[in-house]
2 protein chains.
Amino acid sequence: MPRPPKARLRVLDAAERIVKARGAANLTYDELVQESGVSRGGITYHFPTKDDLLRALIARDLEQGKRQEARQHAGLSDEPGAELIALIRTWGTPDSDRKRFVAGMLSAVAHDPSLLDPVRCHHQAECAMRTWDDAEIQRSVLRLAAEGLFWSEFFGCSEVPAEQRERVLLRMEQLAREWSRPV
Amino acid sequence: MPRPPKARLRVLDAAERIVKARGAANLTYDELVQESGVSRGGITYHFPTKDDLLRALIARDLEQGKRQEARQHAGLSDEPGAELIALIRTWGTPDSDRKRFVAGMLSAVAHDPSLLDPVRCHHQAECAMRTWDDAEIQRSVLRLAAEGLFWSEFFGCSEVPAEQRERVLLRMEQLAREWSRPV
DNA sequence: ATTTCCATACAGAACGTTTTGTACAGAAAT
DNA sequence: ATTTCTGTACAAAACGTTCTGTATGGAAAT
């Protein structure tokens, strides 16, 4: 039995730090050696190509995203629309680790969209589970708005000025409750 | 008076084509030479650095975006929320040139966010003109949703399956009318 | 009117940097 | 003995920028 590879984890963690701080475009082997403390050879041993490293990064993020989702799901209140409100709050949080990671991976994803294939798979499975009645259609407008808020703020071209941000979020949460009320 | 430079336009047009087709990440001088028919020297004469070229591309897109906006504004119906509905339809159009350009510039913008400074300027001026009453807060939810739809579809991680897309758009337009009705 | 001069507009090659992938010899741990 | 990793070195390519050369059109000088 091979011993558990420590270096692999150190490399992944270092890569994630670099991506969050300076974006995947500036993720080079030299930086990675310095940040992780793992030698060039060690990095290549675990991740033969850079593509492998990026895919491993995304896979890990997807996994821990699913775990967090499950944990969050368990602690949700019974209030109608609680799940949707949690989503809104997630994207509405000004400065989360998750958002920094997504933003950092942007250049890599723009260069090679197939990196997102695993994410797409997980996402579609989730969407297919929903029953698309009129109420769900309405709720998906809020889902889209939450995602739109994230990107609009990321690009700094927000539709919403900073001082109105909170009002918009509150209104979205209120709508989420209204549109999730059982008939 | 300097004579009109032809090459500059050819370079810009070619760059825009490349960005739309394969993204700014694949916008290299070699490709640009081949696509524009202008030599490397000619390109660097008009655009000393690649940064200059990208900024010129964005500036031109912003200008013609403003023109199209003005043209569209003139032809809008008097129906309440007509402007907002036009915005929704713009981002909701499955395959527009404008959207391809924005998407193509993604990698460049991710690498250097300051590229968007002119866009930000124009955008903020527009937002500041709005009166942020409760109705406007609601409408901005729809603005965010329109943008969210675009990015969610671009990444292929859409919150909305293709067969429900139209229903969501219709509901958004309906909400735009409701929330724009004069009291 | 001819010549001189100079800025503009491009062509084309060359250069230097950066980065990735690969190889390999061996140490260290299990 | 096998897996895990270090350390170094190098090939190969990609890419942005710089450099030198050339053509042209018009202003200025004569």
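When reading the values below, keep in mind they use all heavy atoms of this one structure, side chains included, and skip hydrogens, waters and symmetry mates.
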Detail all sub-3.5 Å separations between protein N/O atoms and N/O atoms belonging to nucleotides 11-13 of chain C.
| from | atom 1 | to | atom 2 | distance (Å) |
| --- | --- | --- | --- | --- |
| C/dA11 | OP2 | B/S39 | N | 2.4 |
| C/dA11 | OP2 | B/S39 | OG | 2.6 |
| C/dA11 | O5' | B/S39 | OG | 3.0 |
| C/dG12 | N7 | B/G41 | N | 3.4 |

- Would you say A/V160 and A/E153 make side-chain contact, with heavy atoms under 4.5 Å?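 The answer is no; the side chains never approach within 4.5 Å.
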
Rounding to a whole Å, what distance do you find between [X]:[atom1] and [N]:[atom2]?
| X | N | atom1 | atom2 | result |
| --- | --- | --- | --- | --- |
| A/K6 | D/dT3 | NZ | P | 19 Å |
| A/H111 | C/dT20 | NE2 | P | 11 Å |
| A/Q34 | D/dG7 | CD | P | 14 Å |

Classify the side-chain pair [X]/[Y] by whether it contains a donor and acceptor separated by less than 3.5 Å.
| X | Y | result |
| --- | --- | --- |
| B/S114 | B/R55 | yes |
| A/R71 | A/Q68 | no |
| A/Q164 | A/R167 | yes |

- Over 12 foreign heavy atoms within 6.0 Å of CZ, B/R130: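 Correct, the count exceeds 12.
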
- Can A/R171 and B/D134 be counted as an ion pair, charged N to O under 4.0 angstrom?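 Salt bridge: no.
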
- Message: Do the side chains of B/K20 and B/E16 get close enough for a salt bridge, i.e. N-O under 4.0 angstrom?
- Response: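 Counted as a salt bridge, because a side-chain N and a carboxylate O are separated by less than 4.0 Å.
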
- Please list, by residue number, the residues of residues 23-30 of chain B whose heavy atoms come closer than 4.0 Å to an atom of DNA chain D; answer none if no residue qualifies.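 Here the set is B/L27, B/T28, B/Y29.
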
- Does any residue of residues 47-59 of chain A have a heavy atom under 4.0 Å from DNA chain C, and if so, which ones, in number order?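 Heavy-atom cutoff 4.0 Å gives A/T49, A/K50.
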
- Query: Counting only N and O atoms by type, is there a donor-acceptor contact under 3.5 Å from the side chain of A/R139 to the main-chain atoms of A/W179?
  - Reply: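 Yes, A/R139 side chain to A/W179 backbone: donor-acceptor pair under 3.5 Å.
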
- In chain order, what residues pass the side-chain hydrogen bond (donor to acceptor under 3.5 Å, both in side chains) check against A/R10, with sequence neighbours excluded?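 side-chain hydrogen bond (donor to acceptor under 3.5 Å, both in side chains) check on A/R10 returns nothing, list empty.
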
- Task: In sequence, state the C-alpha distance, the side-chain angles, and the governing distance for A/D13 and A/R60, and then conclude on salt bridge (charged side-chain N to carboxylate O under 4.0 Å, His left out).
- Result: CA-CA 10 Å; A/D13 287 339; A/R60 196 174 68 154; 2.9 Å; yes

- Message: Check this one for me: any side-chain N or O of A/H46 less than 4.0 Å away from OP1 or OP2 of D/dC5?
- Response: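 For D/dC5, OP1/OP2 do have a side-chain N/O of A/H46 under 4.0 Å.
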
- Message: Using OP1 and OP2 only, check whether a side-chain N or O of B/Y45 sits under 4.0 Å from C/dC10.
- Response: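 No, no such contact exists.
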
- Step through it carefully: locate the ring centre of B/W151, locate the ring centre of A/F155, and say whether they are under 6.0 Å apart.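 For B/W151 and A/F155, the ring centres are under 6.0 Å apart.
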
Donor-acceptor contacts under 3.5 Å from residues 99-107 of chain B side chains, at least two apart:
| from | atom 1 | to | atom 2 | distance (Å) |
| --- | --- | --- | --- | --- |
| B/K99 | NZ | B/W91 | O | 3.2 |
| B/K99 | NZ | B/T93 | O | 2.5 |
| B/R100 | NH1 | B/D95 | OD1 | 3.0 |
| B/R100 | NH1 | B/D95 | OD2 | 2.7 |
| B/R100 | NH2 | B/D97 | OD1 | 2.5 |
| B/S107 | OG | B/A25 | N | 3.1 |

- Query: Is there a salt bridge (charged side-chain N to carboxylate O under 4.0 Å, His left out) between B/R143 and B/E136 once you walk through the steps?
  - Reply: CA-CA 10 Å; B/R143 272 187 251 274; B/E136 190 58 42; 2.3 Å; yes

- Over its full length, what angle do the end axes of the helix from C/dA1-D/dT30 to C/dT30-D/dA1 make, each axis taken from five pairs and the result rounded to 10 degrees?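 The two end axes of the helix from C/dA1-D/dT30 to C/dT30-D/dA1 meet at 20°.
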
